[in-house]
Amino acid sequence: MKPQGLPIEVHDLTVSYQKKPVLYGVDLEIAEGSLVGILGPNGAGKSTLIKTIMNMIKPNGGYVKIFGDAPQKGIKRIGYIPQKESVDWDFPVTVSDVVLMGRYGHHGWLSRIGQEDRNKASECLEQVNMLAYADRPIGNLSGGQQQRVFLARALAQESEVYLMDEPFAGVDAVTEKTMISILREMQKSGKTLMVVHHDLASAKEYFDQLLLLNMRKVAYGSVPEVFTHELLQKTYGGKLAVLSEMATKVAKAS
Amino acid sequence: MDSRITKGIKNWIIYLGILSASSLLLDAKQIGSGEEFNWLTQAERFFEMKDPSVRRVALGALLMGISCGLIGSFVVTRRLSLFGDTLSHAVLPGVAIGFIWAGEKDNFSLMIGAGLAGFAGVCCISLLRKFTKIHQDSSLGIVLSAFYAIGICLLTRIQKIGYSNQSGLDSFIFGQVSALSSDDLIGLLIALGFIGIFIVLNFRQLLATGFDPQFSKSIGIPNDFLQFGLWVLIAFCVISSLQLVGVILVSAMLVIPAATASLFSKRMKEYLLLSSLLGAGAGLGGTFLSFLGKNLPAGPIIVLVSSSIFFLILFLRPEKGVLFRWLNARSVQSRIAIENMLKTAFQIVEQNGFEDNEISSLEIMKRRGLSRAEVEKEIENLAHSGLATKNLSSNPAANLPPQTVLTLTPKGWEYACRIVRNHRLWELYLTDEAHYEPDHVHDDAEKIEHVLGEETVRQIERLLKNPKTDPHGKLIPSITDIHQGSLSRST
Amino acid sequence: MNLIPKFDPVRVFLEPWSTPELISWNSQVILMGLLVCWASGMIGSFIVVRRMALMGDAISHGILPGVIIAFLAFGSLDVGPMLLGACLAGLACSFSIEWLQQNSPIKKDASMAIVFTSFFALGVTLINLQTGHLDLDTDCVLYGEIGLTPLAPNITLAGNNVGNRSLWVMGLICLIIVSLICLFYRQILVTSFDATLAHSIGLPVKSIQQFLMLLLALSTVASLESVGVILVVAMLVFPSVTASFFFSRLPSILVCTFPLGIAYTFGGFHLAYWLDCSIAAAMAITATVCFIAALGLCPNSFLWKIVAHKKSPHN
């Protein structure tokens, strides 16, 4: 058996979106069982990084490997929690339907969803304290409940790596606590988690590793290493003018 | 008087453009439609404008184009395009009811009926939006099909019970210019007047609400009133244009000229002007074209003309058009090829310690990994642009054919130095300023060296305090070096 | 010369079923109506939840030039070429819309409006051009005449007369749509709700979306003869919107399409018989009436709210 690669390896990744550079030469190696927070100002390319790892955006340069495989192949081992706004919350499905969708990846094109999957879905709903809402239409949920449903769906996916885009956005304090404890549990059971986060103060407590991103990777490492005034200043103090200007030129030309 | 002359000239230009673009199409049409119909004489008739019906239709199309263009710019910027479509379908039952009321095809009552139906449609849409959770697109679809169904039902009913003068009713679905009366013209004129007055009076407010409704509400602009006013005006515009293009295609006139204008105008006033001009142009052009053929319906032709203008502009517009981008990409590519050759030449000369200034094609082939033919072609390009001279030299191995030898001209040498400097400076910038790993920077510099402008170079030099060597320890040719030629061939 | 004829229940409800000839004729019309309603309603439910209701409108307009070109090219009203032409035009329409959205600063709604009106204008122009030598019933394509379904030629299979061609074609398409949706319900559901998730479990999101567009084009084309390009939208939008007042799960909404289709068809048929007007339009009107009724009667509708508001004392 060949040695398994790192859960996520990103090499010299350059991505531009609609002719604007978003990521420029990003390198990243995430070890198994890490809980990584991704920090950076708006438009720093946090979501883009995640979407590129998910192979939803084609990079202009560099590559992504998932467990040593190309992303097309490795993507099935990744669970993804999108930004809340990315789905239509008026869609006519119930909470348990949404969680069941997490099980779809375990089935082929024509096989049917079984009782086993339903049990798993209920179990995951229980874990996020949402079992009571299983038959509710998703349109009636509050922001925190919506995020919990997403989390339950991710749990049901039973992936090895999870990428989460702002899971704490619009969530009340209690839910945030529940969610972070679930994330911790997932980490303990050997999952690798990357979480886009926007709150500096709580990031320090929530995560083990931090990735500071602002078009380029500013720093990546454990919290005490990275959470320094100087590095944060670099991340949030604006982009390097010349770099972003040139990156824009290249992106336009390509 | 003056304005009329300039307008005439403008129209002529538009005709000529459209004529040349569509002559092919028309030729094909004429073969089918028989001999007795000569499109040259028809064109003459059109331009002489002696025929009152021609004059009327042309004027009507012009007015419609202007008013649709004006109101359309708000439709497009506020993303109401499909709303316009819905509204134009929704007036149909009103037309039928107006007909039944008057007992014949009387323009005035048809207009009133259509106006009421349009108003009812607007009300239905806003009621559905206020009181239900149905999404905008579905509610538009609902109102559209419900009203249209009622309209069709009434129209078929009217046909069945056999009103004497119902023949012209069908024309409201596709428009029928031959039935255009002077009353219709007055209607168009009134609609244009209302639209003009509304826009002039509320220009600033419309701008503010369109851009940021929350803010404008906070400073006391009556958003809802303006929105409703716009809706009513759209309905008005639709109704007045019915006779010309019909219910289904009116929405095209609302959207297409304005969308075309949005391709290049940035400011609202410019935008309004441009889109009304485009609307007018399409109206006149379409009328003219439909006049040339025998079975060409004016409404659809007007729409086709305006959408072909749209696509032409989309492809041909400067800077962002597809054609322009393609040409630009080609010229950039050939420049990059030349620059890469120059850089290779520099590297070879550098490798020889700046002693030998003759570069053999064999060495270039080795370095670039290109075939002989490719290298020969690129050398040809260099020589052609005056950046290098080429000679033939006898090959060291006597049995092989003579190979090409390249010598850079002073101009070529300066250019080569500049490219190499760009490359190495950028590498240094990435490692020292942006803290990239040294093994990453080369590939990036390969791209950046071609786009780094003189100003940025100065900026980077200042930032890095005029460096002399790159991360790999190689010399960075500085600007003074380049100009004074101190790097130049020492022989 | 009265606009609304006197309502005579015997004439409206019993007369169409009084003689064997009428029964055989009208049952074919009804069957056609049902098939159209079901096929469009199924596909329409997905279109509505994806907020693309007007895409249905756009495609139904957009297929017109395809139909006319196929007609001109083959010179006959054969189903095969017409379906092919229409599907190609429908797909061209949806591709153009997407292309405009991605490659120009034009927004989604405007690009839809530009593309489908242009296609439609082209279609209408072509219709007008061909009037000299061929006869295609404009009204039939534009408004549809479901009442003429029984006039379609019969199909003979191995010497046996198996029945009306239009009915067979529509039935086949309805069957294809219903069975494909049942088979791939899960895949279509997940791509519609959360394309990212669909992507991450390895589903070809783009292909599924185009496949839906193709089904839409197919059902639109097939219903063209019966309900016409514009009223297709009614059949697409109404069932799912009406059902969604009462049900909050997609499967229930899909199932609801069937009884609603029956209601629309019978209601429309008899309404048309009473008013002596276009059956397709009457079906759309019935759908509207059902919609309004559902709007008023559904739990927490605004009518209940108004009633409750009046009852509650003002403080």
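Values below: all heavy atoms of this structure, side chains included; hydrogens, waters and symmetry mates excluded. Here is how names work: the chains are called A, B, and so on, in the same order as the sequence lines, proteins then strands, and each is numbered from 1.
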Test item: C:V237 and B:S145 side chains (from C-beta on) under 4.5 Å apart, heavy atoms: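 Not touching, per the 4.5 Å side-chain cut-off.
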
Does any backbone or side-chain atom of [X] lie under 4.5 Å from a heavy atom of chain B? Answer side chain, backbone, both or neither.
X: C:M283; value: neither
X: C:A110; value: both
X: C:I106; value: side chain

Working to the nearest 0.5 Å, report the span between [atom1] of [X] and [atom2] of [Y].
X: B:L140; Y: C:D57; atom1: CG; atom2: CG; value: 9.5 Å
X: B:C153; Y: C:I279; atom1: SG; atom2: CD1; value: 11.0 Å
X: C:S244; Y: B:K133; atom1: OG; atom2: NZ; value: 9.5 Å
X: B:I142; Y: C:F291; atom1: CD1; atom2: CZ; value: 3.5 Å
X: C:L54; Y: B:H135; atom1: CG; atom2: NE2; value: 12.5 Å
X: C:S104; Y: B:I313; atom1: OG; atom2: CD1; value: 12.5 Å

Chain B interface, residue from [options] that has the most non-hydrogen pairs under 4.5 Å:
options: C:I285, C:T288, C:D276; value: C:D276
options: C:K108, C:K107, C:R51; value: C:R51
options: C:L100, C:T117, C:V233; value: C:T117

Who among B:P297, B:A146, B:G141 has the most heavy-atom pairs with chain C under 4.5 Å?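 Looking at each option in turn, the highest pair count goes to B:P297.
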
Using a 4.5 angstrom heavy-atom cutoff, name the option from B:V76, B:I150, B:D85 with the most pairs to chain C.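 Counting heavy-atom pairs under 4.5 Å, the top option is B:D85.
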
Measuring heavy-atom distances to chain C, does [X] have an atom under 4.5 Å in its side chain, in its backbone, in both, or in neither?
X: B:L144; answer: side chain
X: B:L128; answer: side chain
X: B:R78; answer: neither

Taking all non-hydrogen atoms of both residues, which atom of [X] and which atom of [Y] are closest, and how far apart?
X: B:T156; Y: C:C277; value: OG1-CB, 3.3 Å
X: C:A53; Y: B:D137; value: N-OD2, 2.9 Å
X: B:A149; Y: C:A281; value: O-CB, 3.4 Å

Has C:S118 got a side-chain atom pairing as donor or acceptor with B:L304's backbone, closer than 3.5 angstrom?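 No: the side chain of C:S118 does not pair with the backbone of B:L304.
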
Step by step, work out the side-chain contact (heavy atoms from CB on, under 4.5 Å) result for C:L295 and B:F131. CA-CA 10 Å; C:L295 188 65; B:F131 291 110; over 6 Å; no

Which residues pass the side chain to side chain contact (heavy atoms under 4.5 Å, CB included) test with C:T220, sequence neighbours left out?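 With sequence neighbours excluded, C:T220 shows a side chain to side chain contact (heavy atoms under 4.5 Å, CB included) to C:S60, C:I63, C:L216, C:V232, given in chain and number order.
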
Sequence-distant partners of B:T77, side chain to side chain contact (heavy atoms under 4.5 Å, CB included), two or more places apart: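 Side chain to side chain contact (heavy atoms under 4.5 Å, CB included) check on B:T77 returns B:M268, B:Y271.
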
Is the ring pair C:H61/B:H89 parallel, tilted or perpendicular, if the boundaries are 30 and 60 degrees?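 Judged by the thresholds at 30° and 60°, the geometry between C:H61 and B:H89 is perpendicular.
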
